[in-house]
Amino acid sequence: MKKDPNFKVCKTKILNIAPHPNPVVERLLIATVYGFEVVIGKNSGYYVGQDIIYFPVNSVLPAKIENYLFPIDAKIKLTKARIRACRIQKFVSQGMIAPFDEIAALYNLGKVASDTDLADLLDVVKYYPPSFVANQPKEQKDQKVRNKPKTNSYFKEYNGCTNIKWEPHAFTEDNVVWISEKIHGSNWRAGYLPNEPTTLWEKFKKLLRITSAYEFCYGSNTVQRQKKTKSPTWYGADIYAEMAHKYKIKEKLKEYPGYVLYGEIYGPGVQKGYHYGLEEGQRDLVIFDVLVQSKKDQTWLSRKNAEDFCAKLGLKFVPVLYEGPWNKEIAEGFVGGNSVFAPTQKVREGIVVKNDDILTLHRKKIKIINPEYTMKEANDETTDHQEIEGEVEVLDLNDDFYLI
């Protein structure tokens with residue numbers, strides 16, 4: 001499975017320590033690490049500038065670290081070694097910290113530069129709901145990579161957005177940005193891309209010049225589905241083909257070679273509790289970006305051009321909440337509340353911020369997640385994937401959890 005760029009277990013420093021926002025909670029403090037805020041004990045010994053290791057939410061600790069941080073006589077134990085977000089005295093604490101020198105001693109680490117990702121070295125992995133592998137038969141899980149169908153290299157993955165808490169200074173006031181609501185669904189993409197023959201038959205057809213210059217591609221963020229039409233998806237049915245068929249994407253995009261649509265499929269059965277007003281059995285699609293891909297380069301459509309293009313194709317575009325100079329306070333004002341896309345949907349996931357002045361494949365895009373959504377995620381209330389055998393139980397944490 002491809003590494004999540006938002007999951008890192010880094011050596012870093014405590015940037016700030018502040019009182020708990022509830023003035024009556026005197027024995028707890030708030031430590032800031034990158035942009036994440038973690039509850040610590042007032043007598044824990046932590047100080048600003050201290051070298052620590054930050055374990056983000058959904059870290060699964062190896063026994064070596066878990067047994068050290070949570071010894072046999074500890075009042076609190078992790079459930080199956082997983083760290084979750086938790087609400088402590090009405091404040092959402094995101095992750096856990098531990099003194100670097102103590103973890104370094106456990107592993108005989110030498111000098112380590114600040115901001116080094118130690119996840120692999122410490123054998124800390126990200127928690128994924130079991131169904132991400134449960135729907136595959138054992139023989140399919142054990143297949144070698146060589147059996148994977150070749151994909152079109154021009155069909156670029158979206159690669160998600162960086163959480164602003166990893167890069168709190170991603171934008172400056174000089175950046176012009178646009179902010180949209182983040183829809184909680186399953187990533188979808190489709191477009192006509194320069195044809196790349198991958199089989200002997202396809203190469204033979206190209207040699208005879210009986211093949212088209214472009215081929216239609218569709219799929220999820222990581223899987224090019226048109227070459228895997230007989231293999232199952234996580235959802236049983238091929239919901240990616242379903243959306244392409246529903247909106248006649250293959251026919252509509254034929255006039256726009258190189259244009260690639262990126263969107264979210266949403267509705268009951270896609271993500272738990274996030275139906276966006278749809279009834280059982282219904283699914284739909286909303287677009288959040290449009291890329292123009294050629295053999296030489298690629299550029300993103302501006303926000304306005306992407307909206308206009310989707311309107312021309314009869315497709316929905318994500319709600320744009322703001323456009324203008326970057327302002328953190330303004331951005332944070334759009335993070336909470338009900339969904340703008342579907343007001344009956346309580347607790348929006350968050351927002352996505354993109355700079356519209358650098359239209360390249362590597363333009364900056366960040367996400368800011370609603371703390372209320374983070375708590376729902378911690379309680380497994382945001383995905384259908386946990387409803388299978390072997391799911392981790394919900395962990396009931398209290399103030400003592402962070403007093404290590």
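Bear in mind that the values here come from a model prediction, so they are computed numbers and not experimental data.
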Just to verify, what does Y68 make a side chain to side chain donor-acceptor pair (under 3.5 Å) with, not counting sequence neighbours?
E102
May I ask you to decide if N22's main-chain N or O and H20's side chain share a donor-acceptor pair within less than 3.5 Å?
yes
Here the gap from E37 atom CD to K165 atom NZ, rounded to the nearest 0.5 Å, amounts to 5.5 Å
Flag the pair K8 and D115 as a salt bridge only when some basic side-chain nitrogen lies within less than 4.0 angstrom of an acidic carboxylate oxygen.
no
One pair to check against side-chain hydrogen bond (donor to acceptor under 3.5 Å, both in side chains): D289 and Y158. What are the steps and the verdict?
CA-CA 9 Å; D289 239 331; Y158 194 73; 2.5 Å; yes
Taking all heavy atoms of P21 and all of I30, pick out the closest pair and write down the distance.
CD-CG1, 4.0 Å
Check side chain to side chain donor-acceptor pair (under 3.5 Å) between N58 and all other residues, then give those that pass, not counting sequence neighbours.
R82
Please answer whether the main-chain N or O of S220 pairs with a side-chain N or O of N187 as donor and acceptor at a distance below 3.5 Å.
no
Value for CG (N175) from CH2 (W326), rounded to nearest 0.5 Å, stands at 9.5 Å
Check: Y46 side chain, I97 main-chain N or O, donor-acceptor pair, under 3.5 Å:
yes
Any I366 side-chain heavy atom under 4.5 Å of V352 side chain
no
Checking Q271, K376, K182 against E349 for side-chain hydrogen bond (donor to acceptor under 3.5 Å, both in side chains), the one that qualifies is K182
Value for CE (M96) from CD1 (I83), rounded to nearest 0.5 Å, stands at 4.0 Å
Taking it one step at a time, do V290 and F288 satisfy side chain to side chain contact (heavy atoms under 4.5 Å, CB included)?
CA-CA 7 Å; V290 182; F288 55 76; over 6 Å; no
Ignoring hydrogens, what is the shortest heavy-atom contact between P319 and V340? Give both atom names and the distance.
CB-CG1, 4.0 Å
Determine the sole option in L285, L253, L261 for which the side-chain contact (heavy atoms from CB on, under 4.5 Å) test with Y247 is passed.
L285
State whether the side chain of R348 and the backbone N or O of N370 hold a donor-acceptor pair below 3.5 Å, judged by distance alone.
no
With rounding to the nearest 0.5 angstrom, report the SG to CD1 distance, C10 to I53.
9.5 Å
Donor-acceptor under 3.5 Å (N338 side chain, K346 main chain):
no
Measure from the side-chain N and O atoms of Y240 to the backbone N and O of V223, and report whether any donor-acceptor pair falls under 3.5 Å.
no
Below 30° counts as parallel, above 60° as perpendicular, anything between as tilted: where do the rings of Y274 and Y373 land?
perpendicular
Shortest non-hydrogen separation from K365 to G160 and the atoms involved
CE-O, 3.0 Å
Ignoring hydrogens, what is the shortest heavy-atom contact between Q345 and G273? Give both atom names and the distance.
NE2-O, 2.9 Å
Is the charged tip of K252 near the ring of Y259: under 6.0 Å from the six-membered ring centre and within 45° of its axis?
no
For the residue pair Y256 and L313, establish whether any side-chain heavy-atom pair is separated by less than 4.5 Å.
yes
Test side-chain hydrogen bond (donor to acceptor under 3.5 Å, both in side chains) applied to Y266 and S186, step by step
CA-CA 7 Å; Y266 63 92; S186 181; over 6 Å; no
Check whether NZ of the Lys or CZ of the Arg K11 lies under 6.0 Å from the centre of the six-membered ring of F100 and within 45 degrees of that ring's axis.
yes
Rounded to the nearest 0.5 Å, what separation is found between the CG atom of N163 and the NZ atom of K367?
6.0 Å
Heavy-atom count around K328 NZ within 6.0 Å, excluding the residue itself: above 12?
no
Measure across P194 and N152 and return the closest heavy-atom pair with its distance rounded to 0.1 Å.
O-ND2, 2.9 Å
Compute the centroid of each ring, for F155 and then for Y218, and state whether the two points are separated by less than 6.0 Å.
no
Would you check if the side chain of T172 reaches a backbone N or O of D174 as a donor-acceptor pair within less than 3.5 Å?
yes
Please answer whether the main-chain N or O of G35 pairs with a side-chain N or O of T32 as donor and acceptor at a distance below 3.5 Å.
no
Heavy-atom donor-acceptor pair, D4 side chain to K126 backbone, under 3.5 Å:
no
Pair K316 + D284, salt bridge at N-O below 4.0 Å:
yes
E372 with R87: basic N within carboxylate O range, under 4.0 Å
yes
Can you tell me how far the OH atom of Y322 sits from the CH2 atom of W178, to the nearest 0.5 Å?
14.5 Å
May I ask you to decide whether D308 forms a salt bridge with K304, counting only side-chain N to carboxylate O separations under 4.0 Å?
yes
So, Y192 side chain and N195 main chain: donor-acceptor pair closer than 3.5 Å or not?
no
Greater than 12 external heavy atoms within 6.0 Å of E251's CD:
yes
With a 4.0 Å cut-off, would you call K13 and D51 a salt bridge?
yes
Pick from I239, V286, I265: which one makes a side-chain contact (heavy atoms from CB on, under 4.5 Å) with W188?
I265
V318 and I183: side chain to side chain contact (heavy atoms under 4.5 Å, CB included), yes or no, with the steps?
CA-CA 8 Å; V318 289; I183 306 301; 4.0 Å; yes
Closest non-hydrogen contact found for V124 with I65 is CG2-CD1, 4.2 Å
